[in-house]
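Index from 1, following the sequence.
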Amino acid sequence: MAAAAGVNGVFASLARYDDTRARDKALYLSWLAAAYLDAGEVEHSTAITARVFDLSEGLASIRPMARARLMANRLEPHRSLAPVGALLERAKG
């Protein structure tokens, strides 16, 4: 329970983090998405990974998009879930 509360606290903090710092926010969110996936929270991980894709588009740094694609690959085993399938289609493009 304490771990879940910690992850939720991080998510709440990042929600207040300004999008003008998109590179940093995308990287932090990618690590959060990984933590959710490791905890078995596939839907949360998928939603956060989609946000990482949103923030990564058009950035000069390739690292956030690389992290988004890494998370998409990790979500691949769950492709039968509609949100995951949609994210994987987006990741192809």
Side-chain angles (χ1 to χ4, degrees):
M1 279 298 175
V7 170
N8 288 334
V10 170
F11 185 74
S13 294
L14 284 171
R16 292 187 301 268
Y17 203 77
D18 192 77
D19 284 358
T20 59
R21 301 184 54 91
R23 177 194 172 276
D24 294 339
K25 187 172 184 175
L27 288 173
Y28 297 147
L29 284 171
S30 73
W31 296 318
L32 182 61
Y36 270 119
L37 186 58
D38 291 344
E41 296 287 342
V42 177
E43 290 85 4
H44 285 307
S45 180
T46 303
I48 294 169
T49 301
R51 183 71 177 123
V52 174
F53 273 104
D54 292 342
L55 290 167
S56 299
E57 291 175 0
L59 291 179
S61 175
I62 62 168
R63 194 167 162 215
M65 187 60 77
R67 288 283 307 163
R69 289 202 168 100
L70 172 72
M71 283 308 303
N73 288 339
R74 288 193 58 202
L75 287 162
E76 177 76 31
H78 307 282
R79 78 168 22 262
S80 63
L81 297 171
V84 176
L87 179 75
L88 295 176
E89 285 301 312
R90 179 180 182 184
K92 287 182 187 177

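- Thr49 and Ala33 make their closest contact through OG1-CB, 3.4 Å (heavy atoms, listed as atom of the first residue, atom of the second, distance).
- Two residues are said to be in side-chain contact when any heavy atoms from C-beta on lie closer than 4.5 Å; Leu32 and Leu29 meet this criterion.
- In the hydrophobic clustering (ILVMFWY side chains linked at under 4.5 Å, chained through shared members), Leu87 is joined by Leu37, Val42, Phe53, Met65, Met71, Leu75, Leu81, Val84, Leu88.
- Within the model, atoms CD of Glu43 and CD1 of Ile48 stand 11.5 Å from one another, a figure rounded to the nearest 0.5 Å.
- Nearest heavy atom pair, residue Ser56 against residue Val52, reads OG-O, 2.7 Å.
- Of all non-hydrogen atoms in Arg23 and Ser61, the two that sit nearest each other are NE-OG, 3.5 Å.
- In this structure, the salt bridge (charged side-chain N to carboxylate O under 4.0 Å, His left out) partners of Glu57, at least two apart in sequence or on a different chain, are Arg90.
- Atom CG of Asp24 and atom CZ of Arg63 lie 9.5 Å apart (nearest 0.5 Å).
- With sequence neighbours excluded, the residues forming a side-chain hydrogen bond (donor to acceptor under 3.5 Å, both in side chains) with Ser30 are Arg67, listed by chain and number.
- Interatomic distance, CG of Leu55 versus CZ of Arg51, reported as 4.0 Å (0.5 Å rounding).
- Annotation: side-chain hydrogen bond (donor to acceptor under 3.5 Å, both in side chains) contacts of Asp38 (sequence neighbours excluded): Arg74.
- Judged as a salt bridge (charged side-chain N to carboxylate O under 4.0 Å, His left out), and not counting sequence neighbours, the contacts of Glu89 are Lys92.
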